[in-house]
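As the structure is a computational prediction, the values presented were derived from the model and not from experiment.
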Amino acid sequence: MRVGVVGAGIVGLAYAWAAAARGHQVTVLEKSPRASGASIRNFGMVWPIGQPCGSSYQTAMQSRQSWLSLSQAAGVWVNPCGALHLAYHDDELTVLQEFAAAAPDVGVECSMQSANQILSRSSAVNPDGLLGGLYSPTELCVNPRVASAQIAQWLSNHHKVNFQFSTPVTSVEETTLHTADRRTWEFDRVIVCGGAEAGTLFPDQMRQSGLRLCKLQMFRTEVQPNQWRLGPHIAGGLTLRHYRSFEICPTLANLKQRIASEKPELDRYGIHVMASQDDQGHVILGDSHEYDDQIDPFDKELIDELILRELRTLIRMPTWSVQARWHGVYAKHPELPIYRDEPMPGVYLRTGTGGAGMTMSFGLAEADWQAIESAPALG
């Protein structure tokens, strides 16, 4: 079967891999010289602990296994670092305790830790006022700036996937793609994975999809000196109100109410703070969430200041010098882990993984591909 994939970001790569592994002839068309969207503008976190318990968590764990396989097969740097959620307020500790108590019944691997146990796992954690925290061993770290290119190279070399970079798709007519260079591409199946820009090809579907656009601001430090390492990914109490996994906790509403009362500016800009560290030693810091009409092309210095303010309560580092700042925009569905549509026979629109693209894409594509593959042939 001839399979065309639009977009060489992490979602497109996941679908290309799923198809190529089944022996299909795969071509990926990417408008830019390399992946340059949300897939390279993130923490590099593979984050099962943030996914809703049940099928979403299991999909994330399947993706986790795919990343570990890529580490072996493609030489992608993958660090099985795990994650720490830190508690500096009683309500944060209570929510984490509730989550840890429920975790065995919902199949989530994690455990509560005392303050001393947390400090033994990371020298970066601020000990002042630390009450304890939650440790999850399942999280991975990758380097988002290079991972997509490495995966594309491996798919090309080992699965004969044909990558056509700098090739914008201008229109879709059944399973025929037209590109800006006036070429025509014929396929049996087309998977459109254009992220936030999928609306350029299917504007009506995107308008009706319920998807929202989200802008986030992030930055990274200079390389930390003397090979200093962060250890596990680090998140704090603010993160508990962001990820849906913690909605199972009865007292989460109390935590949200306190934060909204004490620090309404954080809710205004959707700020929760996290830190990860890449293989080169940069610490990646963020982030914020501005939606739809709030989005403009200009970043807000206030947002960066608020992120740094909150992070300094959680972690200590040898250097806080910022080397690079950026923002990303992704499409996010309020309920679904990915938005699926078939705007015409044989054409599958797959977008809207939000901030969970690195975490969910491989598992989602693998689960989805069987249905795509078994659909009746056109004509």
Side-chain angles (χ1 to χ4, degrees), residues 1-39 148-149 151-153 155-211 330-331 333 336 338-353 357 361-362 364-379:
M1 184 186 297
R2 300 166 302 168
V3 176
V5 176
V6 180
I10 196 64
V11 178
L13 293 173
Y15 276 89
W17 186 12
R22 290 164 169 78
H24 299 304
Q25 179 184 338
V26 181
T27 299
V28 178
L29 299 100
E30 165 59 45
K31 66 180 181 61
S32 301
R34 64 192 67 82
S36 58
S39 295
S148 293
I151 296 168
Q153 189 63 55
L155 288 173
S156 176
N157 292 341
H158 293 272
H159 286 282
K160 308 304 180 187
V161 175
N162 176 20
F163 282 87
Q164 295 287 321
F165 290 98
S166 300
T167 307
V169 175
T170 55
S171 64
V172 182
E173 184 180 355
E174 295 184 343
T175 53
T176 299
L177 301 182
H178 301 279
T179 51
D181 55 10
R182 300 184 179 180
R183 284 189 287 177
T184 299
W185 306 77
E186 302 283 349
F187 299 106
D188 301 301
R189 300 284 189 276
V190 170
I191 321 296
V192 178
C193 307
E197 298 182 3
T200 60
L201 293 175
F202 296 107
D204 292 339
Q205 285 77 9
M206 291 293 281
R207 278 194 296 269
Q208 300 166 12
S209 66
L211 290 167
Y330 57 63
H333 196 278
L336 303 173
I338 189 170
Y339 175 71
R340 298 182 176 95
D341 196 3
E342 188 175 355
M344 56 188 71
V347 178
Y348 301 86
L349 179 58
R350 298 295 187 261
T351 188
T353 54
S361 294
F362 293 124
L364 288 168
E366 187 65 26
D368 196 19
W369 187 256
Q370 184 174 356
I372 294 174
E373 188 177 46
S374 60
L378 299 179

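The side-chain contact (heavy atoms from CB on, under 4.5 Å) search around R34 returns none, not counting sequence neighbours. By the side-chain hydrogen bond (donor to acceptor under 3.5 Å, both in side chains) test, Q208 is found to be paired with no residue, residues two or more places apart in sequence or in another chain being considered. Evaluation of the side-chain contact (heavy atoms from CB on, under 4.5 Å) rule for S209 yields L211, Y339 as partners, not counting sequence neighbours. For T176, the side-chain hydrogen bond (donor to acceptor under 3.5 Å, both in side chains) partners are E186, not counting sequence neighbours. Annotation: side-chain contact (heavy atoms from CB on, under 4.5 Å) contacts of E342 (sequence neighbours excluded): Y348. The side-chain contact (heavy atoms from CB on, under 4.5 Å) test applied to S166 returns P33, not counting sequence neighbours. Scanning for salt bridge (Lys or Arg N to Asp or Glu O under 4.0 Å) contacts around D368 gives R340, R350, with sequence neighbours left out. Under the rule for a side-chain hydrogen bond (donor to acceptor under 3.5 Å, both in side chains), H333 has no partner lying at least two apart in sequence or in another chain. A search for salt bridge (Lys or Arg N to Asp or Glu O under 4.0 Å) contacts involving R182 returns nothing, not counting sequence neighbours. Judged as a ring-ring contact (aromatic ring centres under 6.0 Å, His included), and not counting sequence neighbours, the contacts of F362 are W17, W67. Residues passing the side-chain hydrogen bond (donor to acceptor under 3.5 Å, both in side chains) test with Q153 are N157, sequence neighbours excluded.
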Verdict with reasoning, W185 to V6, per side chain to side chain contact (heavy atoms under 4.5 Å, CB included): CA-CA 11 Å; W185 306 77; V6 180; over 6 Å; no
Criterion side chain to side chain contact (heavy atoms under 4.5 Å, CB included) on L155 and F163, from CA distance to verdict: CA-CA 9 Å; L155 288 173; F163 282 87; 3.9 Å; yes
Steps toward side chain to side chain contact (heavy atoms under 4.5 Å, CB included) verdict (V3, W369): CA-CA 11 Å; V3 176; W369 187 256; 3.8 Å; yes
Step-by-step side chain to side chain contact (heavy atoms under 4.5 Å, CB included) determination, R189 to H24: CA-CA 10 Å; R189 300 284 189 276; H24 299 304; over 6 Å; no
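When all heavy atoms of H159 and A20 are compared, the closest pair comes out as CB-CB, 3.8 Å. Nearest approach of G346 to T175, heavy atoms of both residues: O-CG2, 3.7 Å. Closest heavy-atom contact between A35 and F165: N-CE2, 4.4 Å. The shortest non-hydrogen separation linking P343 to Q205 is CB-NE2, 3.5 Å. The two residues S148 and S39 have their closest heavy-atom pair at OG-CB, 4.0 Å.
Within the model, atoms OG1 of T167 and NZ of K31 stand 12.0 Å from one another, a figure rounded to the nearest 0.5 Å. Taken to the nearest 0.5 Å, the CE atom of M206 stands 6.5 Å off from the CG atom of L349. The structure places OG1 of T27 at 4.5 Å from CZ of F187, a figure rounded to the nearest 0.5 Å. Separating the CD1 atom in I338 from the OG atom in S361 is a distance of 6.5 Å, to the nearest 0.5 Å. One distance of note links CD of E366 with OH of Y15; it measures 10.5 Å at 0.5 Å rounding. Note that the CG atom of L177 and the OG atom of S171 stand 8.0 Å from one another [nearest 0.5 Å].
Between the side chain of T170 and the backbone N or O of H178, at least one donor-acceptor pair lies under 3.5 Å.
A 4.5 Å side-chain heavy-atom check between L364 and V11 finds every atom pair outside the cut-off.
Atom CD of Q25 sits in a sparse spot, with 12 or fewer heavy atoms from other residues, nucleotides or ligands closer than 6.0 Å.
Sorted pairs that involve residues 6-20 and meet salt bridge (charged side-chain N to carboxylate O under 4.0 Å, His left out), not counting sequence neighbours, are lacking altogether.
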